[in-house]
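Chain identifiers are assigned alphabetically (A, B, ...) following the order of the sequence lines, protein sequences preceding nucleic acid strands; residue numbering begins at 1 within each chain.
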Protein chains: 2
Amino acid sequence: MRKTLKDVAALADVSSATASLALNGHASRVSADVIERVQQAAKSLNYQPNLLARGLRTQETKTIGFISDVVATTPFAGQMIAGAQEHAWSKGWLLLLIDTNNNASLEAAAIDALHQRRVDGFIYASMFHRIVRIPQGLIGRQVVLLDCTDEPKEPGIDSVIPHEYEGAMSAMRLLLSQGHRRIGHVTSKEIGVATVERLRAYKDALAEAKIPFDASLVAYSRSGDAPDGYDGAVQIFANKKAPSAIFCYTDRMAMGVYEFAQEKGLSIPLDLSVVGFDDQPFLANALRPALTTVRLPHYEMGSWASERLINLVNDEDSDSPNPMRKYLHCPLVERESVAPPRS
Amino acid sequence: MRKTLKDVAALADVSSATASLALNGHASRVSADVIERVQQAAKSLNYQPNLLARGLRTQETKTIGFISDVVATTPFAGQMIAGAQEHAWSKGWLLLLIDTNNNASLEAAAIDALHQRRVDGFIYASMFHRIVRIPQGLIGRQVVLLDCTDEPKEPGIDSVIPHEYEGAMSAMRLLLSQGHRRIGHVTSKEIGVATVERLRAYKDALAEAKIPFDASLVAYSRSGDAPDGYDGAVQIFANKKAPSAIFCYTDRMAMGVYEFAQEKGLSIPLDLSVVGFDDQPFLANALRPALTTVRLPHYEMGSWASERLINLVNDEDSDSPNPMRKYLHCPLVERESVAPPRS
DNA sequence: TACGTTTCGTTAATCCATTAACGTTAATCC
DNA sequence: GGATTAACGTTAATGGATTAACGAAACGTA
């Protein structure tokens, strides 16, 4: 029924060992003639090697265990997974996927399950940029952290994360270069890498442009959703002097700012320029006017994680620092929500 | 280093065969005393069975090959994957994931790769509801189609899809029950299961309410995006008599209708009720007012596919028709965009 | 006592591929 | 010519589990 190496060998009239050698490119061990015959036989039988058997023997499965906290409810998960999967695939590797729903005991079980299937390494993915404590079960194994890092200071494990600061900086510089001097920042009071770094860039960019920081132009809402953006705009516009631009912590908040502007009869971008962050699929580009924002490189991060992990397993990449923390560029995506200030 | 069954057996002072029997619950073959000893030994060594070896022997991997066309760029992919993965996981199964980017040759290679890893079955997922031609490589294997079907008439393969017609019907009935008599339908001219079924329900619902069909109330835009929804609204409102409600083919189109309403100074839902379809994450609930819509049961479809496939492999479910086409309910999600018509 | 049954554990085959070690034949060297 | 080496294929061990077949001890019964 199902063809094995033995069948191929029989057809090519050699031993199965020779067939194996021939198919795996050990040219020096087998004559060209035999290689040809074996390959023919394999093709004619449509031979597909049993990777379980190979993995059992070689102790390598070319499989990555991809553990994530919540694929279901984040709009970015797909891109991270796709990035990781597509790079892996280009190298002949595959992804074994588990979503732990952020449940620690489930996480431990997931690691066991993947380990039992003898994955060669793990990608541990967070659905938002944060600092994590790496689960016990991953210690001592090949791991790359995706969209998260282990310790604040020294990396103990490879990780790939977005360069929040630089991304926010480029957003601010865009507004400044258009002539804006009074720029608001709508953010969340939740403390995390993203809020902190984006706010820091906001301040630094102002300083760079020699604009004094005005605390009343920064609104800290509860969370990062659209209603929070709306609330933030309300707060900021309570000032005597309105801003001509707002830099939002997230695209969803920018959506709330849009609503606010609409209600107040402010035209975007003529009366108010808005910049978001995330480049959230189906949102940033769907808003009217389309939102200028900073893109989180989810696909690229996934891809990098995959590449790094495979290199790690193959013991390549020995030149680059190990462990390392990789910051990926967050490109500015210019659309239609930014214009020079009025007058 | 790594513990094997042999180590466990040695520690429990039995043969590895007995250890295997003991751990796998063949109670009738082994004395209670020995079972106890073996389990103790396994625990103390933190024994993790090598599933490659087991799979090689038993010809079962408890692994599903999940093939999808485009996980990266659809907001629903995560839910489908999560649904499938979580159910699988609850049964001790895992998902091996490949995204083929809708490339046929890549698809064939993907099937081979999964087959070589000896997956027990395949979930073939489409990112929008459509009729597909099942790839050659899947013929004769255990397959469940997810969000797609094979042939228009008789199912040749198990599949799970949303009940478009019923979902659209409930949306229409909601509008009708609120007293709307002049209801527009903004859709796409692209022909697919979703457009066709939702339009059919639109017509049938009107007929049910004894409202004559008015072709000028249906707008066929290019695609299903926000700008298309806007265009559709423009078309429909070009009528002498404006509709009091619009049923949109997608939430994104509804978003376009919102823009139109805003520009025309129409208040939703007071001047115009709007119902969408999809319940697109981060969109339907983020719009102001929040959009009443019909939810596509992506999570549930994923879960069903997984369950069905596992049953198929385990040769259970033999009572239910085989192959079957499973229609899942699309629940109405009532939010704030529907109200009775003005006077 | 003799013989049939249970009970319970072991031996050995099997799943399929990889690869170190070995053996045979032929070519090469001095 | 005899020894050395190269070329090339085979044998057999190995990876770690499952399970059919077997066998020894214990038990029951006439």
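Nearest-nucleotide positions on DNA chain C for B/A32 and B/L56 put B/A32 closer to the 5' end. Checking B/V14 against B/R118, the closest nucleotide of DNA chain C that is more toward the 5' end is the one next to B/V14. Along DNA chain D, the nucleotide closest to B/K6 and the one closest to A/V30 are compared, and the more 5′ of them pairs with A/V30.
Residue A/Q59 places at least one side-chain N or O closer than 4.0 Å to OP1 or OP2 of D/dG16. Considering only side-chain N and O atoms, A/S31 lies under 4.0 angstrom from the phosphate OP1 or OP2 of D/dG9. OP1 or OP2 of C/dT10 sits under 4.0 Å from a side-chain N or O of B/T18. A close approach under 4.0 Å does not occur between any side-chain nitrogen or oxygen of A/N50 and OP1 or OP2 of C/dC15. Side-chain N/O atoms of B/Y47 include one lying less than 4.0 angstrom from OP1 or OP2 on D/dA17.
In terms of modelled atom types and a separation under 3.5 Å, the side chain of A/S303 and the main chain of A/E300 share no donor-acceptor contact. Checking side-chain atoms of B/R117 against main-chain N and O of B/T61 turns up no donor-acceptor pair under 3.5 Å. Looking at A/D69, its side chain does come within 3.5 Å of a backbone N or O of A/M127 through a donor-acceptor pair. Side chain of B/D120 to backbone of B/V313: no donor-acceptor contact under 3.5 angstrom is found.
Using a 4.0 Å heavy-atom distance criterion, A/S20 is classed as a base contact. When heavy atoms are screened at a 4.0 angstrom cut-off, B/L52 is found touching no nucleic acid atom at all. Residue contacts shown for B/S15 include a base, since a base heavy atom lies under 4.0 Å away.
A straight line from CG of A/L5 to P of C/dT19 spans 12 Å, rounded to a whole angstrom. For B/R117 and C/dC16, the CZ to C1' distance is 16 Å, given to the nearest whole Å. We find that CG of A/D7 is positioned 9 Å from P of C/dC16, with the value rounded to whole Å. To the nearest angstrom, P of C/dT10 lies 8 Å from CG of B/D13. To the nearest angstrom, C1' of C/dG9 lies 11 Å from CZ of B/R37. D/dT14 atom P lies 20 Å from atom CD of A/E60, rounded to whole Å. Straight-line distance from the CG atom of A/L51 to the P atom of C/dC15: 18 Å, rounded to whole Å. Taking atom CG of A/L23 as the reference point, atom P of C/dT18 lies 8 Å away to the nearest angstrom.
In the set C/dT10, D/dA17, D/dG15, D/dA17 carries the atom at the smallest distance from any side-chain atom of B/A53. The side chain of A/T58 approaches C/dT19 more closely than any other nucleotide in the set C/dT11, C/dC22, C/dT19. Nearest nucleotide to the side chain of A/R29, out of C/dC16, C/dC22, C/dT10: C/dC22. Each of D/dT18, C/dT10, C/dA17 was ranked by its minimum atom distance to the side chain of B/L21; first place goes to C/dT10.
Remark: C/dT28 base-pairs with D/dA3. Criterion, Watson-Crick or G-U wobble with two distances under 3.5 Å.
Side chain to side chain, B/D112 and A/Q48 meet the donor-acceptor criterion of an N or O pair below 3.5 Å.
Under 3.5 Å, the side chain of A/R57 and the base of D/dT14 form at least one donor-acceptor pair of N or O atoms.
Between B/D7 and B/R2, none of the side-chain N atoms (NZ, or NE/NH1/NH2) sits under 4.0 Å from a carboxylate O, so this pair counts as no salt bridge.
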